[in-house]
Amino acid sequence: MKQSVLRAKIPLKYVKPICIAAALAGILFLAAGLWLAGLCMLLGSYILEKSSYRCPHCGRKLDMKYPLPKGSCCPFCRGGLRK
């Protein structure tokens, strides 16, 4: 029996801003003294970015360190990433 896994289907151009917002929320939680909530937000932000930052055409992982400027293409399949 195959188990279904919940996966976030977020468009590529929204992955980085969502992860940045979650990381900032995690930092605010840490500053407010809510250690567990802050660490969960930071870890969740990292895991979401690591798993969702993929090419929409070939599905291969992209380098998380670099933002996607307009007109960029996938280094593997040369498919357009942002219009």
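All of these numbers come straight from a predicted model, not from anything done at the bench.
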Pair listing, salt bridge (charged side-chain N to carboxylate O under 4.0 Å, His left out) test, anchored in residues 25-39, at least two apart: none
Value rounded to 0.5 Å, distance of CG in Leu62 from OG in Ser72: 8.5 Å
Heavy-atom pair of closest approach, residues Tyr53 and Asp63: CE2-O, 3.2 Å
Other cluster members, Met41 - Ile/Leu/Val/Met/Phe/Trp/Tyr, side-chain contacts below 4.5 Å: Phe29, Leu34
Cys58 versus Cys55, closest heavy-atom pair with distance: N-SG, 3.5 Å
For Ile18, all residues meeting side chain to side chain contact (heavy atoms under 4.5 Å, CB included), sequence neighbours excluded: Ile10, Tyr14, Leu48
Residues clustering with Ile20 (ILVMFWY side chains joined when closer than 4.5 Å, directly or via others): Leu24
Residue pairs, two or more places apart or on separate chains, that pass salt bridge (charged side-chain N to carboxylate O under 4.0 Å, His left out) and touch residues 18-32: none
Residues in side chain to side chain contact (heavy atoms under 4.5 Å, CB included) contact with Lys50, at least two apart in sequence or another chain: Tyr46, Met64
Residues that Lys16 engages under salt bridge (charged side-chain N to carboxylate O under 4.0 Å, His left out), provided they are two or more places apart: Glu49
Where at least one partner belongs to residues 33-46, residue pairs that pass salt bridge (charged side-chain N to carboxylate O under 4.0 Å, His left out), sequence neighbours excluded: none
Arg54 side chain to Arg60 backbone, donor-acceptor under 3.5 Å: no
Shortest non-hydrogen separation from Leu42 to Ala23 and the atoms involved: CD2-O, 3.5 Å
Main-chain N/O of Cys19 paired with Ser45 side-chain donor or acceptor, under 3.5 Å: yes
Any pair counted as side-chain hydrogen bond (donor to acceptor under 3.5 Å, both in side chains), so long as it reaches residues 17-39, sequence neighbours left out: none
Listed partners of Lys13 passing side chain to side chain contact (heavy atoms under 4.5 Å, CB included), at least two apart: Arg82
Side chain to side chain contact (heavy atoms under 4.5 Å, CB included) partners for Ala21, two or more places apart: none
Donor-acceptor pair, side chain of His57 and main chain of Gly80, under 3.5 angstrom: yes
